[in-house]
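Chain letters run A, B, ... following the sequence lines, proteins first, then strands; residues in each count from 1.
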Amino acid sequence: MALQFWNTLKRKKEEFRPLQPNRVGLYTCGPTVYDFAHIGNLRAYIFEDILRRYLEYCGYAVNHIMNITDIDDKTIKRSIEENVSLTEYTRRYEKAFFEDRDILRIKPATLYPRATEHILEMVEIIKKLTEKGYTYQKDGSIYFSIERFPGYGKLSGIDLSSLKKGARIESDEYEKEDVRDFVLWKKSKIGEPSYDTEIGPGRPGWHIECSAMSMKYLGKTFDIHTGGVDNIFPHHENEIAQSEAANGKPFACYFLHCAHLLVNNEKMAKSKGNFFTLRDLLDKGYDPVSIRYLLLSVHYRSPLNFTLEGLEAAKNAVERIQNFYRRLRLIPGGITGVSPVTENVDQAITKRIIQAEKEFKEGLDDDLNMPVSLASLHNLITDFNPKLEKDAINETESNLISNYIKEIDDVLTILREEKMELTAEEETLISERETARKKKDFAKADAIRKDLEGRGIIVEDTPAGPRITRKQKHACLAD
RNA sequence: GGCGGCAUAGCCAAGCGGUAAGGCAGCGGUCUGCAAAACCGCAACUCCCCGGUUCGAAUCCGGGUGCCGCCUCCA
């Protein structure tokens, strides 16, 4: 099966055909850096990360652009409240966003262009739209007239006549000819940042930045545009309108939108006390990889019901996979990184890996059906664990299997690299415990094990000797 | 009011016309000095409800019910 995506633009699954062979231009709507990202935002970024990594897994070179919205009503308002410059304010949350990204193992985009650094590009588009007659000025602001763009509504399926005139007037301080229009350029206001440009002093509207930056870095027409479902209207609808009106060419070919995340089946809201940032969860002791796994384990077009119980389950599921990988690597020789010799390999094992790989790929090929792909991995583990138990897997075979796991982990990114650096004291304790065990002094052995656990070191006894691992942060059950 | 989505075991979640994947939790057993890890076995007589189409439906159609989202900034 070929790779296919549910394209919001067409409301159906379509085979993915890039504009250029083996290359993908990907634009993902990035953060407005006015606060810490919450887990709902992070779900979207994880979805985009899986999309990007899977495209790369399939052999595409991905040019991934994610914008940073560092000028808008919220950022301006809050920077004024804190009495710091807009730049100082937004850089703080931009930094936090990058930290969250790294903690969750999200692969950095190719580029993170900032809105404030692309004012000229936006102005150029607005000028072109004006030349073509799509805009009008009112009171120093420039608006896009949706009536003049025939394709308006094709993404969201919105019926223009259903948008009641007048409904938005009170909530918008800018005057428009038609309330359904959207602002391209906001007139300069006292106390707000303003740019002196050919189209007058002011600042950009929200939608125009994505048109400008995608065009600059990916071209007038590019492959994939993503965001949360809430971006379908008005944001992406407006991007299409202004981009296609300006260029006379199609904007993005495929629009992918991920569903929202709910917490305890309700929309996340600070007032409901169910609002989490990544930092909140880390402070509670939850582990980033568990969070990543939970966020990626549900199909991106299904609402994800986030619960702490679910996070606990994710932690255990991840540990099963990690334990399997760790056990493979403990087979003498471990990962060699060298192409394994196929002699003395049980062909049944090779076949089983090929089958798993096929299933994994079929899952993700089908509109990133991650649950199916994860099932293939769990089934593989279920099949191989008994062999591992019986010591029926040799070094070459273990390399084959662990290389496969490593390969799909390029997409999942949930394995841990074990870094066991023990202090001399810790090593002494471990050997003392072994001596005690040999003397059947189990009281002492257990005491030492408990002591080590207090130091964050887990000792598990196996026939081959003690297995030492560094304790991961575990979920606290309270809350 | 308009548009869209979802309802599958205690929880999470695939399946999208051919007789219920997977994970977590639970229970019983094996292994272990104990523990951990791992293994073996058990779990939906049925997929929100009611009709219909069909040889056959969780899957298609019609009608309900419930939940969520968008229509104003929002991933």
Using atom [atom1] in both nucleotides, what's the gap between [N] and [M] to the nearest angstrom?
N: B/A25; M: B/C16; atom1: C1'; answer: 29 Å
N: B/C68; M: B/G62; atom1: C1'; answer: 24 Å
N: B/A57; M: B/C47; atom1: C1'; answer: 11 Å
N: B/G10; M: B/C49; atom1: P; answer: 14 Å
N: B/G5; M: B/U19; atom1: C1'; answer: 28 Å
N: B/A58; M: B/G51; atom1: P; answer: 14 Å

Under 4.0 angstrom, heavy atoms only, what part of the nucleic acid is [X] near: base, sugar-phosphate, or nothing?
X: A/R78; value: nothing
X: A/N41; value: base
X: A/H378; value: sugar-phosphate
X: A/I232; value: nothing

Practice problem: Look at the side chain of A/V229 and decide which nucleotide, out of B/G4, B/C34, B/G69, has an atom nearest to it. | Solution: B/G69

Exercise. State which of B/G33, B/C71, B/A75 makes the closest approach to the side chain of A/D230.
Key: B/A75

Quiz prompt | Atom pair CG (A/L86) and CD1 (A/I80), whose distance is rounded to the nearest 0.5 Å | solution =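 One gets 8.5 Å once the value is rounded to the nearest 0.5 Å.
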
How close or far is atom [atom2] of [N] from atom [atom1] of [X], stated in whole angstroms?
X: A/Y293; N: B/G23; atom1: OH; atom2: P; value: 9 Å
X: A/E237; N: B/C3; atom1: CD; atom2: P; value: 16 Å
X: A/Q322; N: B/G23; atom1: CD; atom2: C1'; value: 15 Å

Quiz item: Does B/G66 pair with anything, Watson-Crick or G-U wobble, both distances under 3.5 Å, and if so, with which nucleotide?
Solution: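 B/C6 is the nucleotide pairing with B/G66.
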
I'd like a list of close polar pairs between nucleotides 10-14 of chain B and the protein, N/O only, cut-off under 3.5 Å.
residue	atom	partner	partner atom	Å
B/A14	OP1	A/S302	OG	3.4
B/A14	O3'	A/N369	ND2	3.1

Quiz item: ring-ring contact (aromatic ring centres under 6.0 Å, His included) with A/F222: which of A/Y254, A/F251, A/F255?
Solution: A/F251

